[in-house]
Structures are given as structure tokens and as C-alpha cells.
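Naming: A, B, ... by sequence-line order, numbering from 1 per chain.
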Number of protein chains: 2
Amino acid sequence: MELQFLGTSSGTPTKTRNVSGTALRSAGGWVLVDCGEGTQHRILRTNLSPHDLRAVFVTHLHGDHCYGLPGLLASAGLLNRTAPLAIVGPQPLERYVRGVMETTALQLPYPVRFIDVADAAAADLLDDLAVTVAPLSHRIASYAYGFTEKVTERRLDAAMLAAAGVPRGPLWGVLQGGNDVTLPDGSPVRSADVLQPPRRPRRIVIAGDNDMPELLAQAVQGADVLVHEATYTEAVLEKIGPGPQHSSALRVARFAREAAIPSLLLTHFSPRYQDERGPLTLADIEAEARAEYGGSLFLARDLARYALDKAGMLTELPPR
Amino acid sequence: MELQFLGTSSGTPTKTRNVSGTALRSAGGWVLVDCGEGTQHRILRTNLSPHDLRAVFVTHLHGDHCYGLPGLLASAGLLNRTAPLAIVGPQPLERYVRGVMETTALQLPYPVRFIDVADAAAADLLDDLAVTVAPLSHRIASYAYGFTEKVTERRLDAAMLAAAGVPRGPLWGVLQGGNDVTLPDGSPVRSADVLQPPRRPRRIVIAGDNDMPELLAQAVQGADVLVHEATYTEAVLEKIGPGPQHSSALRVARFAREAAIPSLLLTHFSPRYQDERGPLTLADIEAEARAEYGGSLFLARDLARYALDKAGMLTELPPR
């Protein structure tokens, strides 16, 4: 499983950071979580294509998370996409998109299916990923999406094979495929008896804007990675007050420590934090989070990719 | 007067060209013609600011000309803009923008005033520019906007001053300001008698998508510059057929020659034309236009600036 960030700025784009959009690649293809304005422009700088996007999950309907959706849909149409596209999100997502389509004469050569967040888990949208939804706390309805692998591959247990007397050869493949066999000597061997238990499925939770990370306590159980906004440092959050309903690095990091999440990926930084030099920098966010959280911590950058291996380890990939 | 292109691609953005958006600077500030997705991202790379944008003119409601408008409005709000903003365009522009604002909880700290194209000329929106509107031919209602200087500055005529016996000194300034004077010897001098006739006002016409350049015959009278789409070369247009209702370089250039327009600025190029290498390049568009048109020809590039001097000469400015 791989994450690629298409935008990591809060509210407005900066010269180096676009507004929110996160691509999640898995065995079955890619999905997009949020689609701020300019997401399709970022996609041009990746090897992702709107043509084979499987689904879009919108965390909430603030513009910096959804104003790129009409353009992405239009461009997929101009690329002659024909595959249906599922768009998941809170109300009034469908009214927003259909309103834009109607007033701007946008006709798509593929069907769009809108799925309310309440129905997202049951909709079984993705072959290889189960989806969960958790409500958050923000100025408007906001959600986190959890993506859990449906683990189907199984590995043979060499010791069990030896004990059962199965000779190395084609029978191993048959057993690994879940089928029982009969050995040349007539003794039966059941696949289930020579397979290792399935590995723990990987799970990534991607949260929308939220000022109460603790609402994710249940959602992050078994999660390898939490992607969460850290719009401000705590000092700036306290100066601004609770009105915007965002999280500080401190609050998210503290939650991640208490919830024992192995990897924390922070994003959605206020444009007041400069990348390098300035009165406020991303280093302030990072230092605040590191002081609270001893796990594997990353501050997302636009176009950066992060791979989650089968052991549950998150690492940043080198640029292509 | 100065034009700066914020997008020059048709339909979808490319790595080097955004979708449509054109800034027009004049003595009174700047206005924007069209606002495709990502226009605010381009603005970040200029010295323009959404904060002091005077008005937006939308040529037509296709997404590549207006999907950046909600994000630009939102960002101007986050920049604490308070000045009212006029948005001019065809129906259902207001319904489009208001629908997005309502469904995405966008509240702006400044008033937005929607003006239908039919009322744009009479609205007298800009202190220093008169606006004219011309209907075009496209799949949906599309318009060209003409911007003509309201010339107020006047120059003194040295020969007339000498003939009237006005000594060099403060009286010159008084006369230039439009006021009559009495000389020390008691003889009266009228300002109107010593001023040169006002210079010809500069005029720039910026057209939306259009497959019938000849519709602009009246609008370009007295124009120094026409900005017009040249989506295709003629061969590609003929291969695609008339359905998209765009112009070829040939058709626009031929019209510009017949209408004797001094400067022609082509834009809105199909992404199939590469900047440099490729089976089709912008050089194809340029060669086709040059073969028809002997005036001052430019193919717009993103972020390029073009200055129109008081003599009516258009030149490309060096990058900042």
C-alpha cells in the first residue's frame, strides 16, 4: 500500500503546497481522498491517471477539500474514461457536484455513483480494501476513512508440509491455492492444515479536518498509519482560538502516542508555516509532534510517496 | 495596459499550461477574464493579488474557464478582502457560484455582485476602462469583452502655447489641468486652445471560445489587440469536425488580417500541441497563423506578459 500526497496545505495553496488531496495505491489500483482545487494538476506530475481512478472519498465539503472535483471529473471525461466512478462523502456532496455539472454544461461519458458516508462501509466498493468511516469534529460534517486490506494470499508452512510428507512440487501450489490433495501413497492432506495463518491486514486511516483526534480511538485500532491534519502548533492554535476547529501537532501527536499508532503522517499545514526559513516553519510542527510521539513520524510534502510494507512499516520512497 | 496569461491550454491543463485565465492590468488595477481551475495557483507566481482584483469577466461557463472561481473567491476571503467584487458573465453564472457557495459552506467577508453580460457595458464597472460585450458562437453562450481606455490625460501643444504667449512656468500646469488662465498682460488663454487632441484610446478585445471569428468584426474596430482562441490547426479542426465549435489558427488569423487588427494574441491551445517536440507542436499553430496574418503575432504562454504602449504597440515583456 502506498500513499502519495497531492496537496498538504490548509485553506489556500502556496507555491510549494497544494490544498488537500491524497492518493492511496493498493493492489487493486488507486483511490483519492479529498480533491482540492488543482488536484488534477498535481496528478499530471505523478504516474496516476484520472482514467483508472477507482473511487473518490471526500472527508468534508470545505472548498480546499473538494473544489478540484468538477475539473477532475471533466478531465477524466476528456480522457474518454468509460468506467463508472464512485464518489463517497457527506451530504450535500451530490448536490454540489450535480449543481456544478448542470450549470456548466458538464456531461460525462461515464456514470458517476454518489455514495453517502453512512453507506460507504456496506457498499463494498473496492475489491481489495474494506472501508470504514468515523465521524470527526469540525465546523461542518467531517469524516475519517479507514482502508483495510482484504488479505487473500496465504503462505505455506514448511514444517507442516514436511510433517504431512508432501513432496516439493506442483502439489504445493495446489495446497497454497486452498485446495486439498491426495498424496501418491493415498493419504489426504487438507490445505488448511499446511497454510500459515493469514498475515495481519494493513490498515491506513485518513482523517479529514478535525479538532478532536480522540474521536478516532476506535477507528485507529489495528491501524498501521494515521494521516491527520496538524494545521497549527499548539501556541498558534491557542492564539487563534477554537473557532476554526483544527488540530495542533501536539494534540494529534499525543493522541497517536496514547493510541499506540505505529506511524503518524501529518498534513494540512497552515500556509503561515514556511518550508524552510521564516518566523514559523514546518520544523516547529515537527518538533512539537516529536516531543509527544515516539513512533514513526512524517510531515507530508506534496508529491511525496510513502510505502507501507506487509510488516506494517511506513517508509518514504525516493522521488521517481 | 498589460496582459498576463494565467492559462493557455484548452480543456485540460498540461504540465506547462493551465486552463484559461487572463489578467488585464491598467492604470486602475487589474481585472481577470476567465478563471479556470488553478488560476489562483498561477496568481501565486505573479505580483497580482486576489485582494485587489477589481472584477472578473467570464466569457462562458465551460469548466476550463470557470472552475477556479470558487477557490479564488474563497482565497480572497481568507486574505481578508473586504472590497466588493463584481463578477460578470452569462447565465447561469450566479446560480453556479451561489450553488457552490451554499453546498460548501463558503462565506465571504466581502460582497459579490453578479452582473449579466447584457448589463456589463452599462454598469460602468471600471473607472479607467469602458467595457463592451460581443456575442460569439460556441456550444454554449460565449462572449468577447472589449476594454477601452477612458483617456483623461491631455498634453500641451508647445506651438499653441508659444502663439498664445504663455511663459514656461506654473501656468502650463494649470492649462494642462483643463483650467483657463489670464496672463500677466491681462490676455485670457483657454485651456482647450493649447491642448493637443486627446490621444486615441487603447482597446483590447479578449474573446471566449468561438468558431466564428467574423462575429467580432464590429467589436475589433479600433482595437489594438485581439486575444482569441486558436485551439487547433485547420487540418486538425477538419479532422475533428465542427462539433467542438472552436477556431483554427488559420480562421482567426485570416479574420485578423481582413479586420486589420494590429496585434493578434493566440491562446487556448489543444493539449495535443506540444511546446517543443512532438508530432504536433505550437510551431504548427504559429506557422499557420503567420501565413495568413502579417501583423504583430504572439502565441501566449503561461505567465507571459504583454505590454500595450500608448502608441498601440504590443510587446512581450521579459520575465520578472
Colleague: What distance separates A:Leu61 CG from B:Leu106 CG, expressed to the nearest 0.5 Å?
Modeller: 12.0 Å
Colleague: Do you know which of A:Val19, A:Leu78, A:Ile140 has the most heavy-atom pairs under 4.5 Å to chain B?
Modeller: A:Leu78
Colleague: How about CZ on B:Arg45, more than 12 heavy atoms from neighbouring residues, nucleotides or ligands closer than 6.0 Å, or not?
Modeller: no
Colleague: Tell me, out of A:Gly36, A:Gly99, A:Ala105, A:Gly71, who's got the most heavy-atom pairs with chain B below 4.5 Å.
Modeller: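 Of A:Gly36, A:Gly99, A:Ala105, A:Gly71, A:Gly71 has the most heavy-atom pairs under 4.5 Å with chain B.
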Colleague: Find the one option among B:Asn18, B:Leu93, B:Asp64, B:Val97 whose heavy-atom pairs under 4.5 Å with chain A are most numerous.
Modeller: B:Asn18
Colleague: Could you grab the distance from atom NE2 of A:His62 to atom OG1 of B:Thr104, nearest 0.5 Å is fine?
Modeller: 8.0 Å
Colleague: If you count heavy-atom pairs within less than 4.5 Å of chain B, which of A:Gln91, A:Met101, A:Lys15 leads?
Modeller: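 If we count pairs closer than 4.5 Å to chain B, A:Lys15 comes out on top.
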Colleague: Do you know which of B:Gly38, B:Cys66, B:Pro13, B:Ser75 has the most heavy-atom pairs with chain A at a distance under 4.5 angstrom?
Modeller: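 Option with the greatest count: B:Pro13.
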Colleague: When you measure from the side chain of A:His41 to the backbone of B:Glu37, do you find a donor-acceptor pair of N or O atoms at a distance under 3.5 Å?
Modeller: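 Such a contact is found between A:His41 side chain and B:Glu37 backbone.
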Colleague: Could you please state which residues from residues 275-284 of chain B sit under 4.5 angstrom from chain A, measuring non-hydrogen atom to non-hydrogen atom, sorted by number, or 'none'?
Modeller: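 So no residue qualifies.
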Colleague: For A:Arg95 and B:Thr103, indicate whether the former's side chain and the latter's backbone hold a donor-acceptor pair under 3.5 Å.
Modeller: no
Colleague: Against chain B, work out which of A:Gly63, A:Ala74, A:Pro70, A:Pro271 has the most heavy-atom pairs shorter than 4.5 Å and name it.
Modeller: A:Pro70
Colleague: Between A:Leu44 and chain B, with a heavy-atom cut-off of 4.5 Å, which part of the residue counts as in contact: side chain, backbone, both or neither?
Modeller: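 Both backbone and side chain.
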Colleague: Could you tell me which portion of B:Thr39 (side chain, backbone, both or neither) has an atom closer than 4.5 angstrom to a non-hydrogen atom of chain A?
Modeller: backbone
